[in-house]
Amino acid sequence: MDNKQQIADVLSQALGDNILSNIDILNKIEVPKTSDLGDLAFPTFMLAKVMRKAPQQIATDLVEKIDKNNFEKVVAMGPYVNFFLNKEKVGAQILTDILTQQANYGTNNDGENGNVTIDMSSPNIAKPMSMGHLRSTVIGNALANIFSKNGYNPIKINHLGDWGTQFGKLMVAYKLWGSEEEVKKDPINTLVKYYIRFHEEAKENLALDDEGRAWFKKLEDGDQEATKLWKWFRDESLKEFLTIYDELEINFDSFNGEAFYNDKMDQVVKMLTEKGLLVESQGAQIVNLEKYNLPVAMIKRTDGATLYMTRDLAAAMYRKNEYNFVKNLYVVGGEQREHFQQMKAIFKEASYDWADDIEHIPFGLITVNGKKLSTRSGRIILLQDVLDDAIRLAREQIETKNPDLANKENVAKQVGIGAVVFHDLKNERVNSFDFALEEVVRFEGDTGPYVQYSHARAQSILRKAGNPDLTTTNLVISDASAWDTIKILGDFPNIVRRALRDREPSVIAKYALNLSRAYNKYYANSRILAEDNELLARLGLVKAVAIVLTESLRMLGVHAPNEM
RNA sequence: GUCAGGCUAGCUCAGUUGGAUAGAGCAACGGUCUUCUAAACCGUAGGUCAUGAGUUCGAAUCUCAUGCUUGACACCA
């Protein structure tokens, strides 16, 4: 914000000598808690010692010397110098920027078009998508949009869990208790049933686990029957996943899952051997990471089969080659922190300079009654059920609130899914939460539908006004009650950068709520469609709010319907 | 046991780089629709920022210790 710079400049000038550098002053300027304390403020505490004066006195003296021409007013309030910006001038500039740049407002080119690979969603084949996968999916999708808004080129990779011992187990279960007919009727649910039964029986019959491992080994060795079963399970599962992704309107640049790297494992082993990192321990091949204060990483099991780590190493090398990423992100639950630390450490140890570009983006887990979700134990919340419930409730809401609405079904989808997605993104990623349907599909208060509703009302006003062309309008608004909203609008470019810096979609979600709150307050207390000479300027504000809310929601992967 | 998170209103959470009186939403209570969509707005009430020490002009924020809690800790992912 160059208002800040402007203030730093007048302060530098007033302070004279080299007491504080311009940049130091700039860094000290803060935003007061409430707007009656001004728009920006400079605390004088740190000058007290050098100037040997009380902070209050320093503030008063500074105000005397400052060039106040470009501000509404500059006042000393205790130890602070408080700056009130010229609301009409600054406000008109912000609104003009938004109306001319439209959806590009807030976009920057910090990323210089660098490729960012994002490992996200990554559901396991033969298991239903649960609320847990929703997190990785929507966080990854929002981050992709945020990176893009900051000038990067995101590459969304769905690293499908289509390989691993669980397939061996599933094959054993299918061969013991399954039937082709049953699977065809309801693929995923049936496969899960087998999987759960396997784990129940494996508790009694320890040989089952060994058998599962053996079948997985057969699969890895290219056994015909194993391969055929695997492919069948995979195809059926993918079909179901795609319907959910369609509903969420999330797409991927790659579905290369774990199986894709089967033929790339040898390179990893070769590389680690050449670097002298691979050692044998208790019959298995491992990399020692004591140096990094991490447990050993297992690369090959005693039976020669590869592991999660081996495949992730292969995937990272492949991605570097294929995409030459500037950042390589993994949107994976926080419980896997150590795994990614290990992975990074291995690449560091192997002296790959891009090891530092690997970033784990952890998130908190979803529990039910405080307990972790688990397919094995059958404790699972199906994503499809939640989405269906949300859409149904949105539909009911529309019937009571706006029964004449056109496209009811479409809007119900946008609002219902919007509620679920927004709920998942509004809090800091790393927070865990206990699942409660009534929380997830709430439409009032700090929710997605609240933001959508704010936007819909803004659109409604613009419609009533006949959607006038506002590009050449004088956007000066003298009504001070519009100022809070305008100020928040002006903050959007900063917010976009902060969301990127912190890898936090919640920064955008919180911003959208703040903007909505400020706008709703303004809406409730001022009549926008009043016939006076500032009508068009006010419509410009409404339009700007609509643009920025739409763009915020878009980044989160949520629709902004024009009516609801 | 080791390592890593978390602890702020009854509940769910905000609180950029330490700064002014710690803020929202939900729940509770009260008010506002003949005027732009009441999925909204306004008000009341609600706090020893887990505890103790330290650094600082100043700590919810930084350091250390303690407690409680969650997760990870090689042949799963």
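Predicted, not measured: the structure shown is a model, and the values here were computed from it. Throughout, a chain's letter reflects where its sequence line sits, starting with A, and its residues are numbered from 1.
- Judged purely by atom type and a 3.5 angstrom limit, A:Arg538 uses its side chain to pair as donor or acceptor with the backbone of A:Ala530.
- With both ends at atom C1', the span from B:U51 to B:C57 equals 26 Å, rounded to whole Å.
- Qualifying side chain to side chain donor-acceptor pair (under 3.5 Å) partners for A:Asn27, counting only residues two or more places apart in sequence or in other chains: none.
- To the nearest angstrom, P of B:C36 lies 15 Å from CG of A:Asn520.
- Judged as a salt bridge (charged side-chain N to carboxylate O under 4.0 Å, His left out), and not counting sequence neighbours, A:Arg429 has no contacts.
- Remark on RNA chain B: of its neighbouring residues A:Ser516 and A:Gln282, the 5'-side contact belongs to A:Ser516, judged by nearest-heavy-atom nucleotide.
- Within 4.0 Å (heavy atoms only), A:Thr44 reaches no atom of the nucleic acid at all.
- B:C76 and B:C13: their P atoms are spaced 34 Å apart (whole Å).
- Regarding contacts with the backbone of B:C76, a side-chain N or O of A:Arg213 is found under 4.0 angstrom from either OP1 or OP2.
- A:His339 is linked by a side chain to side chain donor-acceptor pair (under 3.5 Å) to A:Asp312, counting only residues two or more places apart in sequence or in another chain.
- A:Thr165 and A:Arg301 form a side-chain donor-acceptor contact under 3.5 Å, judged by distance and modelled atom types alone.
- Only the P atoms considered, B:U21 is 35 Å distant from B:G67, to the nearest whole Å.
- Annotation: side chain to side chain donor-acceptor pair (under 3.5 Å) contacts of A:Arg395 (sequence neighbours excluded): A:Glu409.
- A:Phe167 does not carry A:Lys169 over the face of its six-membered ring by the limits of under 6.0 Å from the centre and within 45° of the normal.
- Backbone-only contact: A:Thr165 has heavy atoms under 4.0 Å from sugar-phosphate atoms and none from a base.
- Here A:Arg301 reaches the OP1 or OP2 of B:C76: one of its side-chain N or O atoms lies under 4.0 Å away.
- Taking the C1' atoms as reference points, B:G10 lies 30 Å from B:U16, given to the whole Å.
- Here A:Leu307 lies in heavy-atom contact (under 4.0 Å) with sugar-phosphate atoms only.
- In this model, the phosphate group of B:A77 is not approached by any side-chain N or O of A:Tyr308 to a distance below 4.0 Å at OP1 or OP2.
- Closest to the side chain of A:Leu529, out of B:A39, B:C36, B:C75, is B:C36.
- Within the 4.0 angstrom heavy-atom criterion, base atoms lie near A:Arg501.
- Residue A:Lys510 places its side chain closer to B:A14 than to any other of B:A14, B:A74, B:G25.
- B:A60 and B:A50 have their P atoms separated by 10 Å, given to the nearest Å.
- Atom CZ of A:Arg463 is separated from atom P of B:C36 by 13 Å (rounded to the nearest Å).
- Side-chain atoms of A:Asp434 and A:Thr367 form a donor-acceptor pair, as typed in the model, at a separation below 3.5 Å.
- Rounded to the nearest Å, the gap between the C1' atom of B:A22 and that of B:U48 is 13 Å.
- For A:Ala482, the side-chain contact (heavy atoms from CB on, under 4.5 Å) partners two or more places apart in sequence, or in a different chain, are A:Ile477, A:Ile486, A:Tyr522, A:Leu541.
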Scan the side chains in residues 38-50 of chain A for donor-acceptor partners under 3.5 Å anywhere in the protein, sequence neighbours excluded, and list what turns up.
residue: A:Asp39; atom: OD1; partner: A:Trp483; partner atom: NE1; Å: 2.8
residue: A:Asp39; atom: OD1; partner: A:Lys487; partner atom: NZ; Å: 3.0
residue: A:Asp39; atom: OD2; partner: A:Leu85; partner atom: N; Å: 2.7
residue: A:Thr44; atom: OG1; partner: A:Pro55; partner atom: O; Å: 3.0
residue: A:Thr44; atom: OG1; partner: A:Pro79; partner atom: O; Å: 2.7

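- Within 4.0 Å of A:Met564, counting heavy atoms only, lies at least one base atom of the nucleic acid.
- If you measure from atom CG of A:Leu365 to atom C1' of B:A4, you get 14 Å, rounded to the nearest angstrom.
- Close to B:A38, at under 4.0 Å from its OP1 or OP2, lies a side-chain N or O of A:Arg457.
- Taking a pair as Watson-Crick or G-U wobble with both distances under 3.5 Å, RNA chain B forms stems of 3 or more consecutive pairs at B:1-7 with B:67-73, B:10-13 with B:23-26, B:28-32 with B:40-44, B:50-54 with B:62-66.
- Across all strands shown, A:Glu439 has no heavy atoms under 4.0 Å from either base or sugar-phosphate atoms.
- Within the nucleic acid shown, A:Asp162 has no heavy atom closer than 4.0 Å to any nucleic acid atom.
- Among the heavy atoms of the strands lying under 4.0 Å from A:Ala456 is at least one base atom, whether or not backbone atoms are also near.
- Regarding A:Met309, its CE atom lies at a distance of 12 Å from the P atom of B:A74, rounded to whole Å.
- Spacing between atom CD1 of A:Ile299 and atom P of B:A74 amounts to 15 Å, rounded to whole angstrom units.
- Comparing A:Glu563 and A:Asn27, the nucleotide of RNA chain B nearest to each residue sits closer to the 5' end for A:Asn27.
- Across all strands, A:Ala41 comes closer than 4.0 Å to base atoms (heavy-atom distances).
- Within the structure, no pair that satisfies the ring pair (Phe, Tyr, Trp, His ring centres under 6.0 Å) test touches residues 437-466 of chain A, not counting sequence neighbours.
- Residue pairs meeting the ring pair (Phe, Tyr, Trp, His ring centres under 6.0 Å) criterion with at least one member in residues 286-305 of chain A: none, sequence neighbours excluded.
- Distance noted for atom P between B:C49 and B:U8: 11 Å (whole Å).
- Within the cation-pi definition used here (under 6.0 Å to the ring centroid, within 45° of the axis), A:Lys73 qualifies as a partner of A:Phe84.
- Taking the C1' atoms as reference points, B:A39 lies 25 Å from B:A45, given to the whole Å.
- Of the side-chain N and O atoms in A:Lys401, one or more sit less than 4.0 angstrom from OP1 or OP2 of B:A39.
- Of all nucleotides listed (B:C75, B:A39, B:C41), B:C41 comes nearest to the side chain of A:Ala524.
- Within 4.0 Å of A:Arg311, counting heavy atoms only, lie sugar-phosphate atoms of the nucleic acid but no base atom.
- A:Ser460 and A:Glu563 are not linked by any side-chain donor-acceptor pair at a separation below 3.5 angstrom, with hydrogens and angles left out of the test.
- For A:Ser460 against B:C36, a side-chain-to-base donor-acceptor contact under 3.5 Å is absent.
- Glycosidic conformation at B:C73 (O4'-C1'-N9-C4 for purines, O4'-C1'-N1-C2 for pyrimidines): anti, more than 90° from 0.
- No engagement by A:Pro55 is indicated, since no non-hydrogen atom pair under 4.0 Å with the nucleic acid exists.
- For the segment residues 413-436 of chain A, the set of residues with a heavy atom within less than 4.0 Å of an atom of RNA chain B comprises A:Val415, A:Asn427, A:Glu428, A:Asn431, A:Ser432, in numerical order.
- Here A:Ile495 lies out of heavy-atom contact (under 4.0 Å) with every strand.
- Residues meeting the side chain to side chain donor-acceptor pair (under 3.5 Å) test with A:Glu534, sequence neighbours left out: A:Ser478.
- Note on A:Tyr450: only backbone sugar-phosphate atoms sit closer than 4.0 angstrom, heavy atoms only; bases stay farther off.
- Of the residues in residues 329-339 of chain A, A:Glu335, A:Gln336, A:Arg337, A:Glu338 come within less than 4.0 Å of RNA chain B through at least one heavy atom, sorted by number.
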